[in-house]
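Order of listing sets the numbers, starting from 1, for every ligand and every atom in it. As a basis for the values below, the full set of heavy atoms in this structure was taken, side chains included, without hydrogen atoms, waters or symmetry mates.
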Amino acid sequence: MTEAQAAPHKGEFAGEAVTGIVAHARLDYTYSPGRAQSQYIHALSGRKVVGERCPSCRKVYVPPRGACPTCGVATTEQVEVGPRGTVTTFCIVNIKAKNLDIEVPYVYAHIALDGADLALHARIAGIPYDQVRMGLRVEPVWDDSSKDSRYPDHYRPTGEPDADYDTYKELI
Ligand SMILES: [Zn+2]
């Protein structure tokens, strides 16, 4: 008896190539955020952003994961950060997302909230997309039409002078 051998193939196919299929799929799951992230999520309901400080390296992690990934020790000291922050880096989005009512182009940025040692990401508005820059100072804008909104709808410029590069270069 001989084993089946994979036939050689040149990588060329007859007819039109299939470039995509639509497959309806759904997954229901229960997510347990744990102690640190539960506190973070509860604080967001009050429109506060709370991180946790590492007792060893003193870095403030937002969102908190319950431990410092560098030092390997538990973090328990809660620290409120923001609400203002600094754009550390950003990208201009030119592709309109399905089911998302945001006109393109728009800017998505990494934002280091004041007091945080980790940058969050969020949309920037209230400024032309081509004027967003590294160091731009921003503040959150909450969507009052949705009481369940746990995250700011976007961030907008505060009008403050840009942050000095040295103040956020470690957070890019
Ligand atoms: Zn640490």
(message) Looking at Lys48, I want to see if its NZ is surrounded by more than 12 non-hydrogen atoms of other residues, nucleotides or ligands under 6.0 Å.
(response)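 No - once you tally the heavy atoms of other residues, nucleotides and ligands closer than 6.0 Å, there are 12 at most.
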(message) Any side-chain to backbone donor/acceptor pair from Lys59 onto Cys68? Under 3.5 Å, distance only.
(response)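 Absent.
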(message) So does Gly51 get a backbone contact from the side chain of Arg53, meaning a donor-acceptor N/O pair under 3.5 Å?
(response)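 The answer is no, because no donor-acceptor pair under 3.5 Å joins these two groups.
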(request) Taking the Zn ion (ligand 1) as the centre, count the protein N/O/S atoms lying under 2.8 Å from it. (result)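 My tally for this metal is 4.
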(message) I'd like to know whether the aromatic ring centres of His110 and Phe90 sit less than 6.0 Å apart in this structure.
(response)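 Ring centres of Phe90 and His110 not closer than 6.0 Å.
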(message) Side chains of Arg137 and Thr158: any donor to acceptor distance under 3.5 Å?
(response)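 Distance-only check fails for Thr158 and Arg137.
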(request) Identify, with sequence neighbours excluded, every residue that meets side chain to side chain contact (heavy atoms under 4.5 Å, CB included) alongside Pro33. (result)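 Checked Pro33 against side chain to side chain contact (heavy atoms under 4.5 Å, CB included); matches are Tyr31, Gln37, Ser38, Ile41.
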